[in-house]
Amino acid sequence: MVAFEQHPDEMGNGQQISHLTAMQQVTDQLKAVFDAMADGVFVYDGQGHLILTNPAGRDLVGEDPYPSPSASLQDNADRFQLRNLHGDALTSEQWPVTRILQGEELKGTRVLDVLLRTLDGRDCLLNISGAPMRAAQGEIIGAVVIARDVTEFRFSEQRTHEILDALLQMAQITVQGTIPQSAASPEHLFSSRRVAQRLAELTRQVLGCHRLGLSIVEPQTEILRPLAVVGLSATQEQQWWDEQLQLEVRLGDGLSAEQNDRLHHNEVLLFDLRQPPYKDLPNPYGILTMLVAPLCLGTQVFGLLTLDYGGQEHLYTPQEIALTQAMTQLLALTLERERLQQSNVQLANLIAVAHDAIIVCTPDWHITFWNQGAERLYGWSSEQAIGQITHVLLQTRHPIPLEQVERQLAEEGQWEGELVHRSRDGETIIVESRHIMVRDEAGQPTALLEINRDITGRTQLLNERIQAEANEQAAKETARLMDEFLGIVGHELRTPLTTIKGSIQLAKRNMLRVLTTQQSFSEDTDRYLHLISESLDRVERQVAMQNRLISDLLDTSRIHANQLKLTLAECDLLKLVGEVVDDQRFLNPARTIDLLMPDANEVRVLADADRLRQVVQNYLSNALKYSAASTPVSLRIEQRGAEVYVLVVDQGPGLSPEEQQRIWTRFYRVAGIVDRSGSGVGLGLGLYICRTLIERQGGQVGLTSHVGAGSTFWFSLPLL
Ligand code: ADP
């Protein structure tokens, strides 16, 4: 530069020759330095025309920087597209040459960074310094511009920034479980695929590869499921998803045992797809080499990262592989964290909507969390409950003193029992409660968890059931005592009755004897004797009635005690029924009792004859008892198939369908149906006994009846 600052007029003539020689030497030296300089040097005249440059300068801008000697500053600026670091074109005042020609020295802090498009189309970042050239009087006659290519340096600096930024974002996702706002909208915060896609982008940014895919290993089947892919065009990406969703590739597929083992030991595998066995496989994306790295948690591979540089030759340096491993570890952690976060969210949602009341308190019972279940159960909103003391708010009644509950919580960490609470509107609520003491790592209590399940309804239901069972038991016991009582009473009553009956019969026989042996009595005696005879008849009828009632009672208690004994033998039903009808005709001479028998001489059945007689007699006496004396009663015997039917038809009051059901039960008497025979009270036991007797003999009972249209009571027995 000195050469340009010296002026030939300042030297003497003699000296001039040697000076010239010396100057030539200096110029040559300077030229050598000028040519050897690594920085580009551009020399401009006062009008901004480029007049000189060194080889480094020419290299910097591409080809010959001199399009024409007259090329203006503007022409050059247009050719090189000078821009600032933000990519904005520089105005003519901002051009370095203009600034220098105006006297500015670009050095120190005034050094400029300028982007330049080289003549062969590359974008270069130039660090530009320079100074004006002045004549002796100080006027500016030109400019020297020194340009240093910092593209590489700035690029790696920028990449470092990018990597740091990407790592920072990944760290943020890992630590906070969220994608920074710039990267994702809040609604995508918990979507794994979205997170994976973002992580894949960041990883690709760090590793600088063309294409990067992430897949997850399905735990049971080991099938690889796609999670994210970056570096493909939209159509390619769609195609990739379609392919991946169709393919069912398993983790170890196509890998040697050794490769598989390495994968499980968190090692990265490198595949050259031009080599066998891969070279014959389809390669739609024309990939040359591919790197596969496992996402591991311990020795469990839960995902794979694959990356490639497409059709570009790429040398994977050890640093790059180490970086890939570091990234996969970070990815594994991030995805795992995301998974945990999601299950935490699910858990939190579950707790919020759980049916049970879930309450979290400080160790001294101040509520800090109150779920929807608690809101529903107690009627207090979360805002109202938080900060209150649980047992004060809910007026808790503990089954044991609170101090005891607290002691157990302190010693055993939990307590379970039933609590009585009061809801906001004053209702009593019974809950099955579980208290858990939560402690920190140092063992200090940090929270109390209370989970309450409403059992109010259950308790009421239980009480009702217990009550119903008790009632049933009591009823059974009463019935048993009643049967026992009936048995005893029946027996106790019957014994004297037998004696009375015997005595009456004896008295009647004696009376008959007196009446037949004595020819005549005085009128008075005769009258007395007849009175006595009538009284005896009346007493005998009463005794018979009493006897029947007591028999019914005894039969009933025997049926209940399962002590009713039947002696089955072959007998003729026609004969048996005929006898009963005869008896009834004799006892009720005023009544018409029709008997319709089948043609057969006899109808044989296997039965307890006395008990069968009792049934026929009961049916017949009921028919007579409950129908008007003027109406006839008829009895029919019919053989139908393998059975014989005995039907007793009356024209009495008839029975409603409901009464027809009930008359077969114990002690049931139809209200409003009166005994027209005056034979006295019934206990409502006869039909119950009849039914039991017939069913025990293999038959059935029933009736057809209509209110006001009489009844037909029947029973059937199997024929022999
Ligand atoms: P009871 O000893 O009272 O007659 P039953 O068991 O024989 O007991 O009859 C039960 C009830 O059924 C009777 O009280 C009566 O109300 C009704 N009943 C029985 N037979 C007839 C009938 N033939 N017609 C109308 N009602 C009858």
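Note that the numbering runs from 1 along the sequence shown for the chain. Please read all numbers here as calculations on a predicted model, not as lab measurements.
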Practice task
Only counting residues at least two apart or in another chain, list the ones meeting side chain to side chain donor-acceptor pair (under 3.5 Å) with T91.
Solution key: Q94

Fill in the blank from the handout: In Q408, R434, H435, the residue satisfying side-chain hydrogen bond (donor to acceptor under 3.5 Å, both in side chains) with Q414 is R434

Fill in the blank from the handout: The reported gap from OG1 in T203 to CZ in R198 (rounded to nearest 0.5 angstrom) is 9.5 Å

Practice task
Using a 4.5 Å cut-off on heavy atoms from C-beta on, say whether the side chain of E222 contacts that of E218.
Solution key: no

Problem - side chain to side chain donor-acceptor pair (under 3.5 Å) involving E237 - partner list, sequence neighbours excluded - result: none

Exercise for the section: Please report the closest heavy-atom contact between P96 and L106, naming both atoms and the distance. Expected result: CB-CD1, 4.0 Å

Problem - Heavy-atom pair of closest approach, residues V217 and G303 - result: CG2-N, 3.8 Å

Handout entry: Test item: R204 side-chain N/O and H210 main-chain N/O as donor-acceptor pair under 3.5 Å
Key = yes

Handout entry: Least distance between heavy atoms, I100 atom then A131 atom
Key = CG2-C, 3.1 Å

Handout entry: Contact check, side chains of E432 and I451, non-hydrogen atoms, under 4.5 Å
Key = no

Practice task
Decide side chain to side chain donor-acceptor pair (under 3.5 Å) for N283 and Y278; before the verdict, give the C-alpha distance in whole Å, the side-chain angles of both, and the deciding distance to 0.1 Å.
Solution key: CA-CA 9 Å; N283 188 353; Y278 314 107; over 6 Å; no

Problem - Inter- and intrachain pairs under salt bridge (Lys or Arg N to Asp or Glu O under 4.0 Å), touching residues 244-265, at least two apart - result: R225-E248, E258-R262, R262-E267

Exercise for the section: Please report the C-alpha distance between D440 and T446 in whole Å, then the side-chain angles of each, then the deciding distance to 0.1 Å, and finally whether the side chain to side chain donor-acceptor pair (under 3.5 Å) criterion is met. Expected result: CA-CA 6 Å; D440 63 12; T446 53; over 6 Å; no

Completion exercise
The single option from L126, L60, D149 that satisfies side chain to side chain contact (heavy atoms under 4.5 Å, CB included) with L116 is L126

Exercise for the section: Output every pair passing salt bridge (Lys or Arg N to Asp or Glu O under 4.0 Å) with a member in residues 80-89, not counting sequence neighbours, ordered by first then second residue. Expected result: R83-D123

Practice task
Would you confirm whether N260, through its side chain, and G252, through its main-chain N or O, come within 3.5 Å as a donor-acceptor pair?
Solution key: no

Exercise for the section: Could you pull out the closest heavy-atom pair between L448 and P363, with the gap in Å? Expected result: CD1-O, 3.6 Å

Practice task
Look only at the side chain of N371 and the backbone of D356, and say whether a donor-acceptor pair between them is shorter than 3.5 Å.
Solution key: yes

Completion exercise
Looking only at heavy atoms, the pair that brings F42 and A147 closest together is CE1-CB, 4.0 Å

Handout entry: I358 side, atom CD1; L449 side, atom CG - distance, nearest 0.5 Å
Key = 7.5 Å

Handout entry: Inter-residue atom distance R99.CZ - L90.CG, 0.5 Å rounding
Key = 9.0 Å

Practice task
Check the pair V249 / I223 against side chain to side chain contact (heavy atoms under 4.5 Å, CB included), numbers first and verdict last.
Solution key: CA-CA 6 Å; V249 180; I223 292 177; over 6 Å; no

Exercise for the section: Determine whether L112 and W95 make a side-chain contact, defined as any pair of heavy atoms from C-beta on separated by less than 4.5 Å. Expected result: no

Exercise for the section: Look at the aromatic rings of Y309 and Y316 and report parallel, tilted or perpendicular, splitting at 30° and 60°. Expected result: perpendicular

Exercise for the section: Measure the shortest side-chain to side-chain distance between C361 and F369 over non-hydrogen atoms and say whether it is less than 4.5 angstrom. Expected result: no

Problem - side chain to side chain contact (heavy atoms under 4.5 Å, CB included) between N452 and I359, worked out - result: CA-CA 8 Å; N452 298 336; I359 305 166; 4.0 Å; yes

Practice task
Name all residues meeting the side chain to side chain donor-acceptor pair (under 3.5 Å) criterion together with D242; count only those two or more places apart in sequence or in a different chain, and write none if there are none.
Solution key: Q238

Problem - Heavy-atom side-chain contact between V301 and L295 under 4.5 Å - result: no

Problem - Passing option when V292 is tested against D308, L304, L255 for side chain to side chain contact (heavy atoms under 4.5 Å, CB included) - result: L304

Practice task
Mark yes or no for whether Q259, through its side chain, and S256, through its backbone, hold a donor-acceptor pair below 3.5 Å.
Solution key: yes

Exercise for the section: Nearest 0.5 Å please: distance from the OG atom of S129 over to the NZ atom of K107. Expected result: 10.0 Å

Problem - Worked verdict on E104 versus R110 for side chain to side chain contact (heavy atoms under 4.5 Å, CB included) - result: CA-CA 9 Å; E104 203 176 328; R110 311 191 76 109; 3.4 Å; yes

Handout entry: Straight-line distance of L263 CG to H265 NE2, nearest 0.5 Å
Key = 11.0 Å

Completion exercise
Interatomic distance, OG@S433 vs CD@E416, rounded to 0.5 Å, equals 8.5 Å

Handout entry: Short side-chain to backbone donor-acceptor contact, T53 and V41, under 3.5 Å
Key = yes

Exercise for the section: Measure the shortest side-chain to side-chain distance between L307 and T324 over non-hydrogen atoms and say whether it is less than 4.5 angstrom. Expected result: yes

Problem - side chain to side chain contact (heavy atoms under 4.5 Å, CB included) between L291 and T306, intermediate numbers included - result: CA-CA 6 Å; L291 198 136; T306 49; over 6 Å; no

Practice task
Go through D113 and N127 one step at a time and tell me if the side chain to side chain donor-acceptor pair (under 3.5 Å) criterion holds.
Solution key: CA-CA 5 Å; D113 275 340; N127 187 239; 2.8 Å; yes

Exercise for the section: Taking T98 for its side chain and S92 for its backbone only, find out whether a donor-acceptor pair lies under 3.5 Å. Expected result: yes

Handout entry: Any donor-acceptor N/O pair, T328 side chain to A293 backbone, under 3.5 Å
Key = no

Problem - Minimal non-hydrogen separation, W241 against V229, with atom names - result: NE1-CG1, 4.1 Å

Exercise for the section: Apply side chain to side chain contact (heavy atoms under 4.5 Å, CB included) to R274 and list each qualifying residue two or more places apart in sequence or on a separate chain. Expected result: D272, L288, T289, E313

Problem - Side chains of W370 and E375 in contact at under 4.5 Å (non-hydrogen atoms) - result: yes

